[in-house]
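The block underneath contains the structure these notes are about, expressed in structure tokens.
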Amino acid sequence: MSRRIVWLITFAVAMAYVESAVVVYLRTIYYPQGFSFPLVLLPPGMVAIEMGREVATLLMLLGVAMLAGADRWDRILVFCVGFGVWDIAYYIWLWVFLRWPPSLLTWDVLFLIPVPWIGPVVAPVVVSVVLVVGALLLLRKRAGGEPIDFPLSLRILALAGGVLVLGSFMLDFQVVLRQMEPPPFRWGLFGTGAALAVAALVIALRRKS
């Protein structure tokens with residue numbers, strides 16, 4: 001598993017390079033003065049292509065996880081590692097290419113499906129760090145011969161946290177469509193969701209089957 005994780009991280013970092021390169025091209029075309037809110041609305045055909053690119057990215061990460069994982073839990077955890085590393089590396093590459101974002105509190109469009117997700121860069125980075133660290137710890141637990149005990153109650157707790165985090169990103173999507181400045185980020189919603197998810201992870205790591 002250690003060697004597979006190394007190659008998974010290599011793949012995620014390389015894919016993040018490709019993703020960030022595409023964003024560099026888009027920003028050169030649509031934001032020659034620099035990326036900022038209010039956003040420029042892309043043509044409908046370009047939006048459809050971007051949404052397709054996002055789906056393709058998730059499918060690539062899922063495909064690698066399906067190949068690298070030995071069973072269901074392996075695949076889920078490998079996907080979490082790949083997704084988190086990809087997301088973090090994406091912003092690192094953007095900073096290398098464009099010196100953007102100038103701050104972790106800089107706002108970005110995070111995703112487009114089913115509506116635009118927006119938020120400061122630090123928020124998705126925090127989610128990705130939790131995914132990577134949590135998945136690696138659970139993988140280490142399995143490697144030590146301990147099964148993962150994640151009962152329904154913990155799954156509901158983690159799901160509730162995830163819904164709150166997604167809500168903090170998606171509730172203000174009209175800002176993009178109406179070409180407005182973003183309102184204050186919903187830190188309370190995000191923090192509560194992140195805390196619930198981390199609590200579920202910590203409990204799962206400490207449980208003994």
Side-chain angles (χ1 to χ4, degrees), residues 7-69 75-102 104 106-132 135 162-163 165-180 182 185:
W7 278 109
L8 171 68
I9 291 173
T10 301
F11 171 82
V13 172
M15 193 172 74
Y17 180 102
V18 175
E19 289 276 312
S20 60
V22 172
V23 171
V24 170
Y25 306 149
L26 288 172
R27 291 188 181 184
T28 300
I29 296 170
Y30 292 103
Y31 296 91
Q33 305 304 318
F35 178 82
S36 64
F37 284 77
L39 300 180
V40 175
L41 291 180
L42 301 181
M46 185 64 70
V47 172
I49 291 172
E50 279 297 287
M51 294 173 73
R53 180 168 68 90
E54 291 179 348
V55 172
T57 297
L58 294 177
L59 288 175
M60 283 189 286
L61 290 168
L62 179 61
V64 170
M66 293 299 291
L67 291 172
R75 291 165 188 146
I76 292 172
L77 297 176
V78 166
F79 177 84
C80 289
V81 173
F83 182 91
V85 171
W86 160 75
D87 190 46
I88 295 168
Y90 166 78
Y91 283 113
I92 292 174
W93 284 123
L94 277 184
W95 193 87
V96 170
F97 295 149
L98 300 174
R99 292 299 185 269
W100 190 96
L104 287 175
T106 302
W107 282 70
D108 190 22
V109 177
L110 312 176
F111 211 63
L112 295 174
I113 301 172
V115 296
W117 306 12
I118 60 173
V121 169
V122 68
V125 169
V126 167
V127 172
S128 294
V129 169
V130 171
L131 285 175
V132 173
V163 169
V165 168
L166 292 179
S168 71
F169 294 149
M170 299 170 67
L171 285 176
D172 296 311
F173 74 94
Q174 291 288 348
V175 165
V176 175
L177 304 182
R178 296 175 181 175
Q179 296 179 281
M180 300 165 57
F185 185 58

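Predicted model only: the values in this text are computed from it and were never measured.
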Suppose we screen for side chain to side chain contact (heavy atoms under 4.5 Å, CB included). Which residues come up paired with W95, at least two apart in sequence or across chains? R99

List the atom of Y30, the atom of P43, and the distance in Å for their closest heavy-atom pair. OH-CD, 3.6 Å

Indicate the atoms forming the closest heavy-atom contact of D108 with V121, along with that distance. CB-CG2, 4.1 Å

List the steps and the verdict of side-chain contact (heavy atoms from CB on, under 4.5 Å) for V85 and F11. CA-CA 9 Å; V85 171; F11 171 82; over 6 Å; no

Within a reach of under 6.0 Å around OH of Y17, are more than 12 heavy atoms found that belong to other residues, nucleotides or ligands? no

Is the ring centre of F173 less than 6.0 Å from the ring centre of F111? no

Rounded to the nearest 0.5 Å, how far apart are CG of L112 and CD1 of I118? 11.5 Å

At what distance, to the nearest 0.5 angstrom, does CG of L26 lie from CD of E50? 5.0 Å

4.5 Å side-chain heavy-atom contact, V24 and L94: yes

Do you know the tightest heavy-atom contact between D87 and V125? OD2-N, 4.3 Å

F97 CZ to R27 CZ distance, which is reported to the nearest 0.5 Å: 12.5 Å

For G82 versus A12, what's the shortest heavy-atom pair and its separation? O-CB, 3.6 Å

Distance check, rounded to the nearest 0.5 Å: I29 atom CD1 versus L42 atom CG? 10.0 Å

Decide yes or no for E19 and R53: does some side-chain heavy atom of the first lie under 4.5 Å from some side-chain heavy atom of the second? yes

Taking C-beta and beyond as the side chain, do T57 and E54 meet within less than 4.5 Å on heavy atoms? no

To the nearest 0.5 Å, atom CG of L58 lies from atom CZ of F79 at 5.5 Å

Least distance between heavy atoms, A68 atom then V78 atom: CB-CG1, 4.1 Å

Within the structure provided, determine whether W93 and V13 are in side-chain contact (heavy-atom separation under 4.5 Å). yes

Working to the nearest 0.5 angstrom, can you tell me the gap between S128 OG and Y90 OH? 12.0 Å

Ignoring hydrogens, what is the shortest heavy-atom contact between M170 and V115? Give both atom names and the distance. CE-CG2, 3.7 Å

Any ring pair (Phe, Tyr, Trp, His ring centres under 6.0 Å) involving residues 32-61? Give me the pairs, sequence neighbours left out, ordered by first then second residue. Y31-F35, F35-W100

